[in-house]
Colleague: 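One structure, pasted below without further comment.
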Amino acid sequence: MRVSKYFLPTLKETPSEAQIASHRLMLRAGMVRQEAAGIYSWLPLGFKVLQNIEQIVREEQNRAGAVEMLMPTIQPAELWKESGRYDAYGKEMLRITDRHKREMLYGPTNEEMLTAIFRTFCRSYKDLPKLLYHIQWKFRDEVRPRFGVMRGREFLMKDTYSFDVDEAAARRSYNRMFIAYLNTFARMGLKAVPMRAETGPIGGDLSHEFIILADTGESAVFCHKDLVDMPAPGLDVDFDGDLQPLVDERTALYAATEDVHDEAVFMEVPEDKRLSARGIEVGQVFYFGTKYSAPMRANVTLADGSEQPVHMGSYGVGVSRIAGAIIEASHDEDGIIWPMAIAPFKVGIINLRQGDEATGAACEEAYAALVKAGLDPLYDDSENRAGAKFSRMDLIGLPWQLIIGPRGLKEGTVEIKERASGERQNLSLDAALNLLRSKNVSAI
RNA sequence: CGGGGAGUGGCGCAGCCUGGUAGCGCAUCUGCUUUGGGAGCAGAGGGUCGCAAGUUCGAAUCUUGUCUCCCCGACCA
């Protein structure tokens, strides 16, 4: 992609409403634009990031055995009256009346709808287990949206729903998602710690939140330090095997959000291992049994002929929130530092002397070579001066920069800079391209 | 929902107290000179001052109402 053809409205000055780093940087980097409180347009650069996050989430859901589908954003109120949540959900639910005066709502979550789908098609224990998910926009009419996309009213969420014959089976589904989430966040370069959590309005009695530690996090969290750097289980996990030991390993040590925090138990953690910090919730898993299946009569017939409500769980990942969370976890004073897997472009090319024939030719050569290697580099061929291009490339945080100008070309070199470390090397173009290859720069 | 603050060219702000031709920086456009860390000079365009009533000869400025946005807290992927 060439900057001259792209849409990259970066800002030199920070809009006054943005208080935290991720919000400021997303606005400055031209990733999003606020349309109303807690409602954002995703501009091309931000949209690419969102899609990259979404794709990793999708791949790990599929790997764990979940099946993707898509439910609508608008739902009929009747479903929610059936489960009893139509009144319980309160003002956070955006209620809409259509032209026939029919009560509708913009879905804040989809337990009811998928339960209704399930009961229509699945009648037997032989249909179980089932793990279904979708990635869809949600709307929760928060009293006070803030922190940019981290607490928007409209947000993109991956929500998975599990259907099992009994609690033991449901726990196996829970474990699948638990492990899948650890792998998902690890692929994004995030250290997510699973913590015991309150179940909230979703209901149920077993729940973990996945927390990214960050000073700007919204909730206070308490955990054993060893959990923070515990490696993810890995993509070669056998999801059909027994996952319980892997889950136990990561739930044995103390970890709790403030809602369920027990100071006395926390004090049993050795003092040098106690970590009390702030965190951003990027995912949550719930087991809630028959909370919805019972009132909505989502029953299956068992082997003994009896009819029982199906055991359910739900599992959410805040896709749009993660975009902000990654920036909170990975930025410096110059701008964003994207992890390779999330970066909207993996390599940027800077033409230091726009209009100079030799420089332009070298840039084109680099561009063509990277495209041939299967990458989509972002080539800054704008008329800006070098300084402006440097600043902007640092701001948008691409992992690698190829800096090409007449001065280096005279020596037969280009400069290659790694955004994260700031390290630069002067190399021949071929050597620079080889370096990128050796660093395994590729599409996700 | 309680408390605080703000709405003035695209962005960031001043002006308001003490009413009298709407201003600055950045951005944009044109020209010239520049060109390796957000260039310089010269010129140009762009705003019914959130909206509505009121006071006044006259309102960005005073009064009342209203809408929106932001921040702190309580609640949430």
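The sequence lines fix the lettering, A, B, ..., with proteins before strands; numbering per chain opens at 1.
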Colleague: Side-chain N or O of A:Lys389 versus OP1/OP2 of B:G36: is the shortest distance under 4.0 Å?
Modeller: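 For A:Lys389, the contact criterion (side-chain N or O under 4.0 Å from OP1 or OP2 of B:G36) is not met.
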Colleague: Does any N or O donor sit under 3.5 Å from an N or O acceptor when you compare the side chain of A:Arg28 with the base of B:G38?
Modeller: yes
Colleague: Please work out whether the ring planes of A:Phe222 and A:His261 are parallel, tilted or perpendicular, with thresholds of 30° and 60°.
Modeller: parallel
Colleague: Between B:A60 and B:G47, how far apart are the two C1' atoms, rounded to whole Å?
Modeller: 11 Å
Colleague: Side chain of A:Phe155 only, please: which of B:G38, B:C75, B:A77 is the nearest?
Modeller: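 Minimum distance to the A:Phe155 side chain belongs to B:A77.
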Colleague: Given the ring of A:Tyr367, does A:Arg2 sit roughly above its face, with NZ or CZ under 6.0 Å from the centre of the six-membered ring and within 45° of the axis?
Modeller: yes
Colleague: So which nucleotide from B:C70, B:G38, B:C75 ends up closest to the side chain of A:Arg392?
Modeller: B:G38
Colleague: Base, sugar-phosphate, or nothing for A:Lys138, non-hydrogen atoms under 4.0 angstrom?
Modeller: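 It contacts nothing in the nucleic acid.
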Colleague: List the steps and the verdict of side chain to side chain donor-acceptor pair (under 3.5 Å) for A:Arg172 and A:Asn175.
Modeller: CA-CA 5 Å; A:Arg172 287 194 287 275; A:Asn175 290 346; over 6 Å; no
Colleague: Under a 3.5 Å cut-off for both distances, is B:G65 Watson-Crick or wobble paired, and to whom?
Modeller: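 Pair assignment: B:G65 / B:C51.
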Colleague: Who is the Watson-Crick or G-U wobble partner of B:G9, with both distances under 3.5 Å?
Modeller: none
Colleague: Between the side-chain atoms of A:Asp394 and the base atoms of B:G37, is any donor-acceptor pair under 3.5 Å?
Modeller: yes
Colleague: Nearest to the side chain of A:Gln34, which nucleotide is it out of B:C75, B:C69, B:C26?
Modeller: B:C69
Colleague: Tell which nucleotide pairs with B:C16, taking only Watson-Crick or G-U wobble pairs whose two distances are both under 3.5 angstrom.
Modeller: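 Paired with no nucleotide.
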Colleague: Using whole Å, what does the distance between atom P of nucleotide B:C72 and atom CZ of A:Phe147 come to?
Modeller: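 My rounded result for the distance is 5 Å.
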Colleague: Picking from B:G37, B:G73, B:G38, which would you name as closest to the side chain of A:Arg424?
Modeller: B:G37
Colleague: Would you indicate what A:Gln354 reaches in the nucleic acid, counting non-hydrogen atoms under 4.0 angstrom: base, sugar-phosphate, or nothing?
Modeller: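 Since no nucleic acid heavy atom lies under 4.0 Å of A:Gln354, the category is nothing.
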Colleague: Between B:C49 and B:A22, how far apart are the two C1' atoms, rounded to whole Å?
Modeller: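 Here B:C49 and B:A22 have their C1' atoms 8 Å from each other.
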Colleague: For the side chain of A:Arg146, counting heavy atoms from C-beta on, which of B:A74, B:G37, B:C69 is nearest?
Modeller: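 Nearest listed nucleotide: B:A74.
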Colleague: How close do A:Thr160 and A:Lys158 get, heavy atom to heavy atom, and via which atoms?
Modeller: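 Where A:Thr160 meets A:Lys158 most closely, the heavy atoms are OG1-NZ, 2.7 Å.
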Colleague: For A:Tyr89, is the NZ or CZ atom of A:Arg95 found under 6.0 angstrom from the centre of its six-membered ring and inside 45 degrees of the ring axis?
Modeller: no
Colleague: Quick check for you: among B:G25, B:G38, B:U35, whose closest atom lies nearest to any side-chain atom of A:Glu13?
Modeller: B:G25
Colleague: Using a cut-off of strictly less than 4.0 Å between a heavy atom of the residue and any atom of RNA chain B, enumerate the qualifying residues of residues 403-419 of chain A by number.
Modeller: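 Contacting residues: A:Gly405, A:Pro406, A:Arg407, A:Gly408, A:Glu415, A:Lys417.
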Colleague: Show your reasoning for whether ring-ring contact (aromatic ring centres under 6.0 Å, His included) applies to A:Tyr174 and A:Tyr287.
Modeller: CA-CA 7 Å; A:Tyr174 186 93; A:Tyr287 163 68; 7.5 Å; no
Colleague: If pairing requires Watson-Crick or G-U wobble contacts with both distances under 3.5 Å, which nucleotide is the partner of B:G36?
Modeller: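 Across all strands, not a single nucleotide pairs with B:G36.
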Colleague: Can you tell me the Watson-Crick or wobble partner of B:G58, both distances under 3.5 angstrom?
Modeller: none
Colleague: Under 4.0 angstrom, heavy atoms only, what part of the nucleic acid is A:Arg33 near: base, sugar-phosphate, or nothing?
Modeller: nothing
Colleague: Could you tell me the separation between the CG atom of A:Leu132 and the OG atom of A:Ser314, rounded to the nearest 0.5 Å?
Modeller: 13.0 Å
Colleague: Knowing that exactly one of A:Glu154, A:Gln34, A:Glu35, A:Arg153 qualifies, which makes a side chain to side chain donor-acceptor pair (under 3.5 Å) with A:Tyr40?
Modeller: A:Gln34
Colleague: Strictly by Watson-Crick or wobble contacts shorter than 3.5 Å, is anything paired with B:G73, and which nucleotide is it?
Modeller: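 When the pairing criteria are applied, B:C1 turns out to be the nucleotide that pairs with B:G73.
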Colleague: Between B:C69, B:A77, B:C1, which nucleotide gets closest to the side-chain atoms of A:Val143?
Modeller: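 Shortest atom-to-atom distance from the side chain points to B:C1.
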Colleague: Mind checking the P distance from B:C32 to B:C71? Whole angstroms is fine.
Modeller: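 My reading of the P atoms in B:C32 and B:C71 gives 46 Å.
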Colleague: Please classify the nucleic acid contact of A:Ser320 as base, sugar-phosphate, or nothing, using heavy-atom distances under 4.0 Å.
Modeller: nothing
Colleague: Distance check: side-chain N/O of A:Arg144 vs OP1/OP2 of B:C72, anything under 4.0 Å?
Modeller: yes
Colleague: A:Glu17 near the nucleic acid: base, sugar-phosphate alone, or nothing, with a heavy-atom cut-off under 4.0 Å?
Modeller: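 Since only primed, P, OP1 and OP2 atoms lie under 4.0 Å of A:Glu17, the category is sugar-phosphate.
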Colleague: Counting just side-chain N and O atoms, does A:Arg385 come under 4.0 Å of either OP1 or OP2 of B:G36?
Modeller: no
Colleague: Rounding to a whole Å, what distance do you find between A:Lys12:NZ and B:U28:P?
Modeller: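 It works out to 9 Å between those atoms.
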Colleague: Which base, if any, makes a Watson-Crick or G-U wobble pair with B:U30, both distances under 3.5 Å?
Modeller: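 B:U30 is paired with B:A42.
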Colleague: Identify whether any heavy atom of A:Met150 sits under 4.0 Å from a base atom; if not, whether one sits that close to sugar-phosphate; answer base, sugar-phosphate or nothing.
Modeller: base
Colleague: Does the side-chain ring of A:Phe390 sit on the six-membered ring of the B:G36 base, less than 5.5 Å centre to centre and under 30° in tilt?
Modeller: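 No, A:Phe390 does not stack on the base of B:G36, since the centre distance and plane angle fail the 5.5 Å and 30° test.
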Colleague: Which salt bridge (Lys or Arg N to Asp or Glu O under 4.0 Å) pairs, counting each pair once, include a residue from residues 405-417 of chain A, with sequence neighbours left out?
Modeller: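 Every salt bridge (Lys or Arg N to Asp or Glu O under 4.0 Å) pair that includes a residue of residues 405-417 of chain A, provided the two are not neighbours, is A:Asp394-A:Lys417, A:Glu415-A:Arg424.
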Colleague: Contact class for A:Ala386 (heavy atom, under 4.0 Å): base, sugar-phosphate, or nothing?
Modeller: sugar-phosphate
Colleague: Both distances below 3.5 Å, Watson-Crick or wobble geometry, any strand: find the nucleotide opposite B:A22.
Modeller: none
Colleague: Are any of A:Gln19's side-chain N or O atoms less than 4.0 Å away from OP1 or OP2 of B:C72?
Modeller: no
Colleague: What contact category does A:Gly90 fall into here, base, sugar-phosphate, or nothing, at under 4.0 angstrom with non-hydrogen atoms?
Modeller: nothing
Colleague: For B:C13 and B:G5, measure between their C1' atoms and round to the nearest Å.
Modeller: 16 Å
Colleague: Enumerate the residue pairs fulfilling salt bridge (Lys or Arg N to Asp or Glu O under 4.0 Å) with a member in residues 5-32 of chain A, sequence neighbours excluded, ordered by first and then second residue.
Modeller: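 Sorted pair list comes back empty.
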